[in-house]
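To keep things clear, I will list the structure first and then write my remarks on it.
Note that ligands are numbered from 1 as they come in the structure, with each ligand's atoms numbered from 1 the same way. We're numbering straight along the sequence, starting at 1.
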Amino acid sequence: MPQLLHIDSSADVNTSVSRALTGLFAETWRGLGDDHTVVRRDLHREPLPHLTDAGLHYAARLRVDGEAPDAAAEKLQAELIAEVAAADVVVIGAPMYNWSLPSTLKAWIDYIHVLGTTVPFDNPDRPFAGKPVVIVSSRGNTYAPGTPGEGTDHTVLPLQQVLGVSLGMAVEVVTAELTLADRLAPLAPLAGQAKESRSAAEESVRTLAIELGSRA
Ligand SMILES: Cc1cc2nc3c(=O)[nH]c(=O)nc-3n(C[C@H](O)[C@H](O)[C@H](O)COP(=O)(O)O)c2cc1C
């Protein structure tokens, strides 16, 4: 049973571009057959608490005196890690908020990136290595090469670092930019570019869902 873990973090539940794109991914995935299941985690509608104890960043055996996460936090962490472990593919909606990622998504990252559990430390285990993860990035302005915004997108880079470099997952990035072109007058002249970016993102999402879903 190929399983998709579908994660959203946009605080916009009506017109969100990242939600539309992750939704299209999930719909395409389901379209591959009744056996293609989807598990949903909406980090905005059901936000995770911030880490309650720094000890949660380490496997229990690596904790030092004074690091004593409570049982509920440990249970939640185990549940979040098991959810990723059970998925064949993960898709994550990652809007740009103040040049960075939403705090709701960062909280999820802080729970699942655990030294000695999901990241090798005193052990070689890397349980998520090779697992495909599609990051769907939506951003109001343009950050394309040659624009003033180039190099200032701090949304995708930390996700690539944690999920790809550290956890070893196979990261794909799909970006829709200039999403504010129809809302902010100074960006209005770029409306054509915004439309092209959205269409290209939709095409990429469909292609990736079919490709990854057929392989799973
Ligand atoms: C709290 C907040 C902060 C934002 N910060 C930025 C920003 O730094 N740069 C930018 O280009 N757009 C910014 N935007 C615009 C969003 O990136 C844009 O609306 C994007 O489409 C949001 O994703 P969504 O459509 O999935 O909700 C911000 C929007 C919000 C709500």
Top protein contact for atom 28 (C) of ligand 1, by heavy-atom distance: Met96 O, 3.5 Å
Under 4.0 Å to a heavy atom of Asp12 - the qualifying atoms of ligand 1, by number: 27 (O)
Within-cut-off N or O pair, Ser16 and ligand 1, under 3.5 Å: yes
Heavy-atom nearest neighbour of atom 10 (C) of ligand 1 within options Tyr143, Trp99, Tyr97: Tyr143
Heavy-atom check, side chain of Glu172 versus side chain of Ile135, under 4.5 Å: no
Shared hydrophobic cluster, Tyr97 / Leu43 (ILVMFWY, side-chain heavy atoms < 4.5 Å): no
Geometric N/O contact Ser10 with ligand 1, under 3.5 angstrom: yes
Proximal atoms of ligand 1 relative to Arg139 (non-hydrogen, under 4.0 Å): 17 (O)
Atom 23 (O) of ligand 1 - nearest protein heavy atom and its distance: Ser138 OG, 2.7 Å
Enumerated ligand 1 atoms positioned under 4.0 Å from heavy atoms of Asn141: 10 (C), 11 (O)
Closest protein heavy atom (residue, atom, distance) for atom 5 (N) of ligand 1: Asn98 N, 2.8 Å
Protein heavy atom at shortest distance from atom 15 (C) of ligand 1: Leu180 CD1, 3.7 Å
Parallel, tilted or perpendicular: rings of His113 and His57 (30°, 60°): tilted
Side-chain heavy atoms of Asp153 within contact of Arg139, under 4.5 Å: yes
Best match, Pro95, Ser18, Ala11, Gly140: closest heavy atom to atom 26 (O) of ligand 1: Ser18
Protein heavy atom at shortest distance from atom 18 (C) of ligand 1: Thr179 OG1, 3.3 Å
Ion pair check, Lys75 and Glu79, cut-off under 4.0 Å: no
Option from Pro95, Ser138, Ser10 for which side chain to side chain contact (heavy atoms under 4.5 Å, CB included) with Ser16 holds: Ser10
Lys/Arg-Asp/Glu bridge criterion (N-O < 4.0 Å) met for Arg63, Glu74: yes
Trp108 side chain near Val84 side chain, heavy-atom distance below 4.5 Å: yes
Shortest protein heavy-atom distance from atom 25 (O) of ligand 1, along with the residue and atom involved: Val17 N, 2.8 Å
Spacing of CG belonging to Leu157 relative to OG belonging to Ser137, to within rounding of 0.5 Å: 11.5 Å
